[in-house]
Participant: 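I have a structure I would like to understand better, so I am pasting it below and will then ask my questions one at a time.
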There are 2 protein chains.
Amino acid sequence: MSDGVTGLIETEVRAEPRNGERRRGIDRVITLLEALLRQRAPMRVGDIAKMIGAPRSTTYEIVNSLLEAEMLENVGTEGYVYFGKAMHLFGWAYSHHNAHYRRIIETLDRLGEETGETVQLCGLRGNKYVVLDCRDSPGPFRISSDVGVEVPIPWTASGRLLLGHMSKQEIQDFIPPGDYKLPDGRVIAPAEFFGDVALARQQGFSETAALADRFTWCMAAPIRDGNGAINKTLCFVLPVDTPEARRSELLVQLCERARGLSLAGS
Amino acid sequence: MSDGVTGLIETEVRAEPRNGERRRGIDRVITLLEALLRQRAPMRVGDIAKMIGAPRSTTYEIVNSLLEAEMLENVGTEGYVYFGKAMHLFGWAYSHHNAHYRRIIETLDRLGEETGETVQLCGLRGNKYVVLDCRDSPGPFRISSDVGVEVPIPWTASGRLLLGHMSKQEIQDFIPPGDYKLPDGRVIAPAEFFGDVALARQQGFSETAALADRFTWCMAAPIRDGNGAINKTLCFVLPVDTPEARRSELLVQLCERARGLSLAGS
DNA sequence: CGTTATTGTCCGATATTCCAGACAATAGGC
DNA sequence: GCCTATTGTCTGGAATATCGGACAATAACG
């Protein structure tokens with residue numbers, strides 16, 4: 001489990017734990033599933049209850065319902081639960097319901113095979129960046145962050161592209177202030193970041209070197225939807241010492257493929 | 001979309017629509033997601049309400065909550081919703097949380113590539129058979145049923161293996177009587193089916209020719225978990241006129257790979 | 001342009017869900 | 001063996017989520 005970007009797990013989830021407040025079952029379910037996604041490992045009911053700030057009795061009730069629906073599954077010797085088969089099926093349905101997504105996955109496969117590099121499909125989830133799918137390089141060099149883990153947008157090359165439609169003001173309102181702080185303590189000046197976003201928009205691609213961690217060179221190219229908006233990107237994660245010649249070759253390929261997947265202007 | 005096995009979509013979902021009864025939000029959510037999976041296409045809120053037998057106002061409320069959590073997503077011009085990004089992430093987490101599943105997927109990939117045939121990973125979901133993942137043959141011959149669609153167990157080769165741990169009586173209680181009726185109207189005698197199950201258990205594989213539809217020859221091999229139980233199968237879907245020599249060659253490969261993936265007795 | 005169906009939103013009331021807390025049963029820790 | 005922490009289950013009561021139905025706004029039809 002790549003500990004670089006992934007490592008930081010906060011214990012609190014997001015909710016305002018205003019005491020004495022009663023919450024809907026649906027909201028509990030949503031919070032629970034998101035907590036499980038963050039944890040990225042089977043959890044015990046008691047710990048889930050603590051993590052989402054719900055009464056134990058309620059948590060048991062909900063977990064049992066979800067177990068019955070196979071949205072959760074018992075795993076390991078005893079007491080641990082994690083996502084279940086139904087989730088797999090729902091997720092599969094999501095990613096195959098349109099021909100476009102299927103084409104993207106095929107391209108991801110091919111790109112990974114042909115280049116032997118780590119390739120990712122990225123997008124936004126709320127005001128965070130997430131990896132939607134990836135093909136890891138077969139070599140010993142394996143640095144991709146896990147699918148589904150939320151990462152601050154300014155840490156990533158793709159993030160600079162995905163904000164291309166926003167004004168400086170909108171970006172300012174959108175990004176939580178703390179997200180400009182990198183894992184090693186450095187802080188990206190917002191003004192610089194706005195410049196990066198503008199540059200990415202102008203160039204039609206974005207690169208970052210040794211940003212979120214010291215070892216990677218990332219390059220991202222936009223996939224545009226029918227309206228020309230960018231809501232997904234294709235992205236290489238390379239060793240930072242990859243020679244320039246190789247990098248520019250890969251960049252060209254990446255941009256070509258991403259353009260081929262875009263729906264507008266074709 | 002392969003219409004053979006998939007085509008039959010009932011409108012009712014499963015619930016007993018005892019009138020005047022009030023239902024929990026959680027249960028509504030579960031029913032809703034299952035309905036969407038059955039439909040296998042974006043739906044409008046009104047139709048969802050009808051399909052799951054919920055009041056419109058309630059359905060709107062729930063759908064909006066799920067939209068906000070990105071468990072559902074607006075799709076198309078207006079009013080249609082389908083599974084959302086969060087589902088994809090949950091499902092991805094499910095299928096990658098253990099090394100065993102990852103190994104299975106790799107084998108599926110390799111088997112599909114090497115043979116060029118349609119390969120499936122199958123399992124049970126309640127008392128139905130479902131395809132969990134598949135690699136479609138690249139040729140014009142593409143007959144696999146869709147991932148996640150529930151199919152009566154007696155229609156399938158894998159089903160015969162997956163019931164291997166049950167007694168005749170247990171099987172009888174487990175399979176809904178209507179499930180012995182094939183799509184073309186023929187009916188499988190339960191006694192014959194019990195025999196098939198026993199044979200599959202004894203042989204360690206199962207084959208069906210032109211059963212669920214006239215064009216396919218299916219062969220399935222068991223993947224055993226740590227206790228020796230069969231809860232997944234690997235399975236080829238071949239054109240029914242595949243020569244015997246080729247078939248037996250594939251069968252050997254399939255059984256080898258499946259045994260390699262089994263956790264017990266290795 | 002009426003007539004009929006739909007869609008999305010809002011409201012008040014009541015049937016119910018969610019919560020707090022108690023309970024027995026294990027499982028350590030020392 | 002005593003003390004503490006945990007797990008899974010149950011219960012009664014009160015806060016509230018679900019429901020039926022009304023509403024305006026479109027849309028579909030002839």
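So you know, we letter chains A, B, ... as the sequences are listed, proteins then strands, and number each from 1. Every heavy atom of this structure was used, including side-chain atoms; hydrogens, water molecules and symmetry mates were not.
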Participant: Measure CD1/A/I30 against P/D/dA17 and give the value in whole Å, please.
Facilitator: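 After rounding, the reported distance stands at 13 Å.
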Participant: If you measure only the distance, is there a donor-acceptor pair under 3.5 Å linking the side chains of B/Q169 and B/D173?
Facilitator: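 Short answer, yes.
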Participant: Counting distance alone, no hydrogens or angles: does the base of D/dA17 have a donor or acceptor under 3.5 Å from a partner atom on the side chain of A/R24?
Facilitator: no
Participant: Among B/V29, B/T31, B/L37, which residue satisfies the side chain to side chain contact (heavy atoms under 4.5 Å, CB included) criterion with B/L33?
Facilitator: B/V29
Participant: Is there a side-chain contact between A/V75 and B/H97 in this structure, where contact means two heavy atoms from C-beta onward sitting under 4.5 Å apart?
Facilitator: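 Of all side-chain heavy-atom pairs linking B/H97 with A/V75, at least one is under 4.5 Å.
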Participant: For residues B/R24 and A/S65, is any side-chain donor paired with an opposing acceptor at under 3.5 Å?
Facilitator: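 Yes, a side-chain donor-acceptor pair sits under 3.5 Å.
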Participant: Take atom CD1 of A/I26 and atom P of D/dT16, then tell me their distance rounded to the nearest Å.
Facilitator: 16 Å
Participant: Decide, yes or no, whether a salt bridge links A/E73 with A/K85 under the criterion of side-chain N to carboxylate O below 4.0 Å.
Facilitator: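 Salt bridge absent between A/E73 and A/K85.
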Participant: Is there a donor N/O on one and an acceptor N/O on the other, under 3.5 Å, for the side chain of B/R22 and the base of D/dA17?
Facilitator: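 Such a pair exists between side chain and base.
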Participant: Of the candidate nucleotides D/dT18, C/dA20, C/dC18, which contains the atom at the shortest distance from the side chain of A/T58?
Facilitator: C/dC18
Participant: If you restrict it to nitrogen or oxygen atoms, what contacts under 3.5 Å exist between nucleotides 4-10 of chain C and the protein, and what is each distance?
Facilitator:
| unit_1 | atom_1 | unit_2 | atom_2 | d |
| --- | --- | --- | --- | --- |
| C/dG8 | OP2 | B/Y60 | OH | 2.5 |
| C/dG8 | O5' | B/Y60 | OH | 3.4 |
| C/dG8 | N7 | B/R56 | NH1 | 3.3 |
| C/dG8 | N7 | B/R56 | NH2 | 3.4 |
| C/dG8 | O6 | B/R56 | NH2 | 3.0 |

Participant: Respond yes when some side-chain nitrogen or oxygen of B/R28 is under 4.0 Å from OP1 or OP2 of D/dC19, and no when none is.
Facilitator: yes
Participant: Answer whether the closest heavy-atom distance between the side chains of A/I175 and A/P154 falls below 4.5 Å.
Facilitator: yes
Participant: Separation of B/D27 atom CG from D/dA17 atom C1', in whole Å?
Facilitator: 13 Å
Participant: Specify the separation, in whole Å, of atom CD1 of A/I48 and atom P of D/dT6.
Facilitator: 16 Å
